[in-house]
Amino acid sequence: MACEAPIGVFDSGVGGLSVLGEIRRQLPQESLLYVADSGHVPYGEKSREYILARCRAVAAFLLEQQAKALVIACNTATVAAIAELREQYPLLPIVGLEPAIKPAAALTRCGVIGVLATTGTLASARYALLRDQFAGNAHVIAQACPGLVECVERGELHSASTRALLKRYVQPLLEGGCDTVVLGCTHYPFLRELLAELLPPEVQLTDSGAAVARQLERRLVAGELCARGPARPARFWSSGDPAALKPLLPLLWGEAAEVTALAR
Ligand code: DGL
C-alpha cells in the first residue's frame with residue numbers, strides 16, 4: 001500500500017470535522033478524505049443494524065478511493081460497527097473513538113463526571129464496559145442529547161434554540177455537581193464556546209479528537225504507512241445535499257472546499 005495514499009475519515013455528518021481538524025494538526029503531511037453521511041444523520045437515534053449498513057457502505061467507498069486507513073470519527077458508529085469493520089478488513093488500520101471517560105476520571109477532583117452523548121452511544125454495551133472499566137470510583141452522570149447533532153448540522157453553534165437545548169442537557173450535570181464533562185459525540189466540540197457560557201469556569205471539558213489522531217499516528221508508524229507529504233488538499237463528500245455542507249466548511253474546517261455528492 002502506497003504511503004502517499006489518503007486516510008479516509010467519516011461521520012454521520014459534520015461532527016467528524018472536529019476529529020479531521022486534529023488529524024490535520026498532528027499529521028499535516030497526510031492527505032485526507034472525508035465523508036459526511038448527512039443523508040442519514042443522526043445516527044444516534046437509529047438502530048445498530050442501520051448504522052452498521054451505512055458504515056459498510058461508506059467504508060467500501062473510501063477504500064475505492066484508495067484509503068490506506070480508516071477513521072470512524074463518530075462515537076455512535078464506533079460502538080455500532082468497529083468490530084464488524086475490523087473483521088471485514090483485517091489488514092486495514094481502523095481507528096475509532098469512544099467517549100473520553102478515562103481522561104475525565106483522571107481529571108475530576110470532586111469525583112463526579114458528566115457525559116454528553118447520543119442515545120445510541122449511551123445505550124451500547126461498549127459504553128457500559130468503558131464506564132465500568134475506566135470511571136474508577138467516579139460517579140458518572142450520563143445525559144443523552146437528542147436534537148443537538150441537528151443544531152450543529154445546521155451550523156447553529158450560537159443560536160437561541162441551540163443554547164436552550166444545551167442548557168436543558170447540562171442542567172442534570174450541574175445539579176449532580178460534576179466538575180468534568182465528557183463530550184461523547186464528535187459534533188459537540190463545536191459547541192465548546194456555548195458550553196463555556198453555560199457551565200461554571202471550573203468545569204473542564206474533554207473529548208477524544210486529539211487522542212484519535214495520536215492513535216492513528218501509532219497505527220501508521222506500526223504499519224510503515226506514514227506519508228512524507230506534502231499532503232494533497234482534503235476532499236469532501238456528502239450523502240446529503242452537498243450544497244448544505246459546502247457553506248459549513250469554512251466555519252467547521254476553517255477552509256472552503258468543493259463537496260461531491262455521494263450516491264450510495
Ligand atoms: N457525531 C456522532 C458521534 O460522535 C454521531 C451523531 C449522530 O449522528 O447522532 O456520536
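Remember, it's 1-based here, ligands and their atoms both numbered in the order they're listed. Since the structure is predicted, the reported quantities are computational estimates derived from the model, not experimental observations.
- In this structure, Lys68 contributes its side chain and Glu4 its backbone to no donor-acceptor pair below 3.5 Å.
- At a heavy-atom distance under 4.0 Å, atoms from both the backbone and the side chain of Asn75 approach ligand 1.
- Considering backbone and side-chain N/O atoms, Glu45 never comes within less than 3.5 Å of an N/O atom of ligand 1.
- If you look at Thr76 next to ligand 1, the close heavy atoms, those under 4.0 Å, come from the backbone and the side chain alike.
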One pair to check against side chain to side chain contact (heavy atoms under 4.5 Å, CB included): Thr186 and Asn75. What are the steps and the verdict? CA-CA 7 Å; Thr186 53; Asn75 295 263; 3.9 Å; yes
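- Near Asp11, the atoms of ligand 1 lying under 4.0 angstrom from a non-hydrogen atom of the residue are 1 (N), 2 (C).
- Every atom of ligand 1 with a heavy atom of Val41 under 4.0 Å away is listed here by number and element: 8 (O).
- Contacts of Ser12 with ligand 1, taken as heavy-atom pairs under 4.0 Å, involve the side chain alone.
- Contact check on Glu156 versus Arg163 returns no salt bridge, with no Lys/Arg side-chain nitrogen under 4.0 Å from an Asp/Glu carboxylate oxygen.
- If you check the side chains of Gln88 and Arg56, you find a donor sitting under 3.5 Å from an acceptor.
- Contacts between Thr186 and ligand 1, counted as non-hydrogen atom pairs separated by less than 4.0 Å, involve both the backbone and the side chain.
- Given atom 2 (C) of ligand 1, the protein heavy atom at minimum distance is Cys74 SG, 3.1 Å.
- For ligand 1, the atoms closer than 4.0 angstrom to any heavy atom of Gly44 are 7 (C), 8 (O), 9 (O).
- A salt bridge between Glu22 and Arg214 is absent, with no side-chain N of the basic residue lying under 4.0 Å from a carboxylate O of the acidic one.
- Ring geometry for Phe236 against Tyr34 counts as tilted: the plane angle lies between 30° and 60°, on a 0 to 90° scale.
- Shown in contact with Thr118 at under 4.0 Å from a heavy atom are these atoms of ligand 1, numbered in order with element: 6 (C), 9 (O), 10 (O).
- Classification of the Trp237-Phe61 ring pair by plane angle, with boundaries at 30° and 60°, yields perpendicular.
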